[in-house]
Protein chains: 2
Amino acid sequence: MAQASTRAVATIKSVAARAGVSTATVSRVLHGNGYVAGETRERVEAALRDSGYRLDAVAQALRRQRTITLGLILHGILPNPFFAEVAMGVEHAAVANGFNVLMFNTDGDAERERAGVESFLSRRVDGVIFTTALRGENVQLAIDAGIPAVEVERRLCKSAGAVVVDNYASSRQGMQHLLDLGHSRIGYLGEPDTVTGRDGPLDSLRQDRFEGYRRALEDAGIPVADEHLVRGPYPLERGAWGGVQTGRDYMQVLLDQDPDLTAVLASSDLLAAGALQTLYAHGIRVPDQISIVGFDDTFAGRLAPPLTTVRQPMFEMGVRAGELAIRLLDDESRPVLTESCATSLVVRESTAPLVA
Amino acid sequence: MAQASTRAVATIKSVAARAGVSTATVSRVLHGNGYVAGETRERVEAALRDSGYRLDAVAQALRRQRTITLGLILHGILPNPFFAEVAMGVEHAAVANGFNVLMFNTDGDAERERAGVESFLSRRVDGVIFTTALRGENVQLAIDAGIPAVEVERRLCKSAGAVVVDNYASSRQGMQHLLDLGHSRIGYLGEPDTVTGRDGPLDSLRQDRFEGYRRALEDAGIPVADEHLVRGPYPLERGAWGGVQTGRDYMQVLLDQDPDLTAVLASSDLLAAGALQTLYAHGIRVPDQISIVGFDDTFAGRLAPPLTTVRQPMFEMGVRAGELAIRLLDDESRPVLTESCATSLVVRESTAPLVA
DNA sequence: TTGAAAGCGCTAACAA
DNA sequence: TTGTTAGCGCTTTCAA
């Protein structure tokens, strides 16, 4: 009550006056550096307590030219929880190191991404993390301003740090599981145009996942069959449930092309969820009649049946991105570091051995 | 390139020197206020452009005693996407009004919540939004510091603003749908102890949803049957897939208690997802044999079959919370405002008329 | 129409 | 061991 009505907020100056010392001394006890006599320290500490002093981080930042803040550019959290989990990881690492994090959502728009970076630069953040960057030039913007940048998932800018996953190997990991279970008629469910690459060159993420599928089959001596791929031209979906509808439609295509399909590798949980819907509608049992493997491990465990999936350590990727940015901050040499995280296969209930 | 190697960053002072005017004049053209002669303005604008000047928001905040920043306390995004969507809404409203948002995750821990608020206060944010607050005293902390606070979903502090939903009415909305379809043997799937209230008094959210179920049945002249409730003592689940496992287990209990159940109202999508898993394992078709209604509309559309659910307008709730905080900022009277958002029933494929 | 100057709250030489 | 002081970059009276 008393606090609330006291309009004047305590400053280092008012505390100094109250304790009968200089502001420099207050600053010293505040940060525990420099020499302060025991008796003086106590007096200052009492004054600090009595006045309800709270350090003004804004003034401190101006003076120190450090905000102890990380800026986080989000590619949009909806509909993919991937970003949310990475964000939580970044936040975790930041707070553990005394940093705070500003977030900015691009909603997938490059112009907004630029605006977000500009905004962060204006606020003098100490580092910027992109999950996921849309344009390399926007990443470069931060670097040109002398601020370390870290990209998560996809690297667009050669001078930024990065935290990635080996998509090719991960995809093979999922395939190996299916192959080990005895499957050979395995369909591939990718983002629109993953297979045809119609919309310009595939980005490496999609390409790598598809390559993992192709090479795994090849190495097992199984020819890649056209009827196990969706070649479009199927329209890019635009809607609230991004990815699910695509999965639903593509699964139908796959089924039409090869009614004897026994397994499917999906390049995201979203796509796999859509596939599960189509299968459910047809009364086709998973994994009894067909096995499904997803990718990401976002909400895979919530589906029916719980989905076997290739897990990306999203939270950990966020943590490492945050730590990397902080590490870069103090390293004048600004090395370009790339950290690679390991994926893991999470076996749940959507895969089973092929029954002959 | 030239920019990058120029270590000296442009300040209002360097711009003033370059344009041959005072810093006051630069400030005037920067903000378009005060009188500036056309010719002078042009000279300053050129200097601004040539030097790549970027306003220092830190210095501005110190001087103006306004950071144009909102602090967002998150109750943890995992495993419930509810928080992520509200967060995006807050961010949207903030950016639309020129604000930035700092985020802080409490992970459901009241002590961390306190630390988060303290951190925000130290950084002099202009407002704090809680999604969802854990302790009223932490909300009060912000208010005592003279900063507006807004609570989303649950209100714990009488002097804070709030954005809520009518849980009782929403629950009845879901029930009405089931009743309209002709169901009468309707089970209730709530959080652990929603029915017994064993862990102390139920918070109003859980209580209201359960009341909606009870009263809807009563008003339809259907007695509330014990076998349609889960009375525990079933252990509170602790794990990565919070809620789903509970839904799975409780659905089994419901099935054991009444094998002739024809419908279930779940108090969250998470619980409904778990129910779907149990049903799938038993080969019980949804909605042919049993209808399910969820709550929230987070990932309901991704389940198989797509889940009919009572939708909370999460993004909109975030937007309104952000706008409310900003509005409160400039209102000296600091009125206590509560905004109530309407839920809506989203009918998908998990509900169907009772077949006699 | 413009400029001088006083700070916002804090830190860190430097001096005492 | 402590204090004095000069700013960090910006805004805003007030005077010219």
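Every chain is numbered from 1, with letters handed out A, B, ... down the list of sequences. Values below: every heavy atom of this structure, side chains too, minus hydrogens, waters and symmetry copies.
- Val21(B) comes within contact range of the sugar-phosphate backbone alone, with a heavy-atom separation under 4.0 Å but no base atom that close.
- The existence of a salt bridge linking Arg43(B) and Glu39(B) is confirmed by a sub-4.0 Å separation between a basic side-chain nitrogen and an acidic carboxylate oxygen.
- Val36(A) comes within 4.0 angstrom of the backbone, heavy atoms only, and of no base.
- Across the protein-nucleic acid pair, Leu55(A) atom CG and dG9(C) atom P stand 12 Å apart, rounded to whole Å.
- The distance between atom CG of Leu48(A) and atom C1' of dC10(C), rounded to the nearest whole Å, is 14 Å.
- In the set dT2(D), dT12(D), dA12(C), the nucleotide with an atom closest to the side chain of Arg64(A) is dA12(C).
- Here Ser27(B) does not reach the OP1 or OP2 of dC10(D): none of its side-chain N or O atoms lies under 4.0 Å away.
- A heavy-atom distance below 4.5 Å is found between the side chains of Phe120(A) and Leu102(A).
- Taking a cutoff of 4.0 Å between a charged side-chain nitrogen and a carboxylate oxygen, Glu45(A) and Arg18(A) do not qualify as a salt bridge.
- The interatomic distance linking Arg63(B) (CZ) with dC8(D) (C1') rounds to 14 Å, in whole Å.
- Put simply, Gln60(A) has a side-chain N or O that comes within less than 4.0 Å of OP1 or OP2 on dT11(C).
- Here Thr11(B) does not reach the OP1 or OP2 of dG9(D): none of its side-chain N or O atoms lies under 4.0 Å away.
- At a threshold of 4.0 angstrom between heavy atoms, the contacts of Ala37(B) are confined to the sugar-phosphate backbone, with no base atom among them.
- dG7(C) atom C1' lies 11 Å from atom CD of Gln65(B), rounded to whole Å.
- Residue whose closest nucleotide on DNA chain C sits further toward the 5' end, between Arg43(B) and Leu30(A): Arg43(B).
- Nearest-nucleotide positions on DNA chain D for Ala59(B) and Asn33(B) put Ala59(B) closer to the 5' end.
- To the nearest angstrom, C1' of dC8(D) lies 4 Å from CG of Leu62(A).
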Side chain to side chain contact (heavy atoms under 4.5 Å, CB included) between Ile147(A) and Asp126(A): does it pass, once the steps are laid out? CA-CA 6 Å; Ile147(A) 288 170; Asp126(A) 296 328; over 6 Å; no
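- Distances shown here put every side-chain N or O of Thr25(A) at or beyond 4.0 Å from the OP1 or OP2 atom of dT2(D).
- The OH atom of Tyr35(A) sits 12 Å away from the P atom of dT2(D) (whole-angstrom rounding).
- Residue Ala24(B) places its side chain closer to dA4(C) than to any other of dT2(C), dA4(C), dA13(C).
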Quick one: do Arg28(A) and Asn33(A) satisfy side chain to side chain contact (heavy atoms under 4.5 Å, CB included)? Show the steps, please. CA-CA 5 Å; Arg28(A) 284 184 196 109; Asn33(A) 55 16; 4.2 Å; yes
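- Distance NE2 (His31(B)) to C1' (dT12(D)): 12 Å, rounded to an integer number of Å.
- Here Thr40(A) reaches the OP1 or OP2 of dT2(D): one of its side-chain N or O atoms lies under 4.0 Å away.
- Pairing each heavy atom of Ala47(A) with each of Ala19(A), the nearest pair is CB-CB, 3.8 Å.
- Taking the side chain of Arg28(B) as heavy atoms from C-beta on, and the options dT11(D), dC14(D), dT2(D), the nearest nucleotide is dC14(D).
- Between the P atom of dC10(D) and the CD1 atom of Ile68(B) lies a distance of 14 Å, rounded to the nearest Å.
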